[in-house]
2 protein chains.
Amino acid sequence: MGPSRRERAEETEQALKAAARQVFAERGYLNTKITDITAAAGRAAGSFYNHFASKEELLRALLADLETAGDEQAGQPGHNPDFADPDAVRFHIAGFWRFARENAVVMRAMGQAALVNEEFAREIAQFGAEQRLDIADHLDGLVAEGATLPGTVDTSLAMMFCLVQAISAAVEEGAVRISDDEAVESLTRFVYRGLTGRDY
Amino acid sequence: MGPSRRERAEETEQALKAAARQVFAERGYLNTKITDITAAAGRAAGSFYNHFASKEELLRALLADLETAGDEQAGQPGHNPDFADPDAVRFHIAGFWRFARENAVVMRAMGQAALVNEEFAREIAQFGAEQRLDIADHLDGLVAEGATLPGTVDTSLAMMFCLVQAISAAVEEGAVRISDDEAVESLTRFVYRGLTGRDY
DNA sequence: TGTACATCAGTGAACGCGCGTTCACTGATGTAC
DNA sequence: TGTACATCAGTGAACGCGCGTTCACTGATGTAC
């Protein structure tokens, strides 16, 4: 007796997701046809629709996987919310950097999907806004100590996030060549200095 | 007697370009059909191919317009290449900012085209590399004065460019709300501090 | 345990929509004489 | 200046390609008795 139906279906679904990651990485989300995914997964074209209503739905599934994986590792030992300490800045940048590099394929796919799909665009915008809100209070220590931020709190946060995100994207597409450690170190120095006006 | 053939053709070509800018701004390059452009220009679908071989060629034409416009205003009065002076940093950021805001539609279209077209991707990458090379020497003054850059020269430049570009894109798509002056001022402070390690 | 039927994951050829692209046609401008 | 023909910008219906999506079919697993 072979695998149960449920097992068989689960296998195919995982195969499709893995194949999608692969072809998205190779040629990008927008350039990927559904038959590219099924071919890479070694299944028939029609099989796709047993598991996902569309390429968008598949991307949502990949995103959901990524979120649960993110939640699991979000225990965050060593979290220090006071950006007056350079180590706290480095800790946050390193975390974001790791996340961005590990999930580069899905992040890039999301970005591409957002160009064509209003819904995805809104989700990304909201995700960014939430991220910024989550650590808005991390700058309080700086202000309390009398440091002058480079702009409003929101602008300062936006600059920090945009910078790290843009650099990780640039590294990912090969426009900038730099090791992970070097990136985190350079970014930490740039951001710490930029936010605080202090040398480091 | 009506307008000459040449005049008539020129008019239509300009109308198509203007219409393209408009619809690209409204719904993005990738979401724009050729008939969207011709409809917005008030011409028949077939007319498009008298002027451009494809949507890509039209985008190239827009890019060429933008480059000649850029060259004209590149007299650059008041150019100061020594980034030890915050005003020099502000001058460059303000220039880039103006350019990015004025040509946001075409820049965004280029970015979208690059996702689908290898050729555009290469051109953009090369353009960025050239930009960085053009002002690589602007950091020499800093190094000579004994300032510590946040990373290598190339990494430092990449961070500066990525930051300004990412913020202008974020403003353009409404993810960040900030006036032009405020943006330039905040960016100048962030970048000057980040590069030099000095307060400002 | 065995038999008969129901259900389901997977298949791949075929269908059909959307849109880029073509092309015969129109009405004008340009040219030759 | 006038006439006859060539050329060309523009038109829009029609064509056809690419690709998403469907669906009748297969061979297996699940269920009822």
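Computed from a predicted structure; not experimentally measured. So you know, we letter chains A, B, ... as the sequences are listed, proteins then strands, and number each from 1. Values below: all heavy atoms of this structure, side chains included; hydrogens, waters and symmetry mates excluded.
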Side chains of residues 141-153 of chain B: which donor-acceptor partners sit under 3.5 Å, not counting sequence neighbours?
unit_1	atom_1	unit_2	atom_2	d
B:E145	OE1	B:R198	NH1	3.2
B:E145	OE1	B:R198	NH2	3.0
B:T152	OG1	B:T155	N	3.0
B:T152	OG1	B:T155	OG1	2.8

Side-chain polar contacts of residues 36-47 of chain B - donor-acceptor pairs under 3.5 angstrom, sequence neighbours left out - could you list them?
unit_1	atom_1	unit_2	atom_2	d
B:D36	OD1	B:R27	NH1	3.4
B:D36	OD2	B:R27	NH1	3.1
B:D36	OD2	B:K33	N	2.9
B:T38	OG1	B:I34	O	3.4
B:T38	OG1	B:T35	O	3.1
B:R43	NE	B:A41	O	3.2
B:R43	NH1	B:T12	OG1	2.6

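Note: CD (A:E13) to P (C:dA9) measures 11 Å, nearest angstrom. If you measure from atom CD of B:E10 to atom C1' of D:dC8, you get 16 Å, rounded to the nearest angstrom. Remark: C1' of D:dG12 and CG of B:N50 are 13 Å apart, rounded to the nearest angstrom. The separation between A:F48 atom CZ and C:dT11 atom C1' is 16 Å, rounded to whole Å. Rounded to a whole Å, the CZ atom of A:R8 is 5 Å from the C1' atom of C:dA9. Rounded to an integer number of Å, the gap from B:H51 NE2 to D:dT11 P is 9 Å.
With sequence neighbours excluded, the residues that form a salt bridge (Lys or Arg N to Asp or Glu O under 4.0 Å) with A:E57 are A:R60. Listed by chain and number, the residues in a side chain to side chain donor-acceptor pair (under 3.5 Å) with B:N103 amount to none (sequence neighbours excluded). Not a single salt bridge (Lys or Arg N to Asp or Glu O under 4.0 Å) links A:E118 to another residue, sequence neighbours left out. With sequence neighbours excluded, the residues forming a ring-ring contact (aromatic ring centres under 6.0 Å, His included) with A:Y192 are A:Y200, listed by chain and number. Every residue two or more places apart in sequence or in another chain that forms a salt bridge (Lys or Arg N to Asp or Glu O under 4.0 Å) with B:E119 is listed here: B:R122.
Using cut-offs of 30° and 60° for the angle between ring planes, the B:F24 and B:Y29 rings count as perpendicular.
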For DNA chain D, the dot-bracket pattern of Watson-Crick and G-U pairs whose distances stay under 3.5 Å, | for other-strand partners = .||||||||||||||||||||||||||||||||
Could you write out each protein N or O paired with an N or O of nucleotides 16-23 of chain C at a distance under 3.5 Å?
unit_1	atom_1	unit_2	atom_2	d
C:dC19	OP2	B:K33	NZ	3.3
C:dG20	OP2	B:I34	N	3.2
C:dT21	OP2	B:Y49	OH	3.0

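The side chain of A:A9 approaches C:dA9 more closely than any other nucleotide in the set C:dA9, D:dT11, D:dG30.
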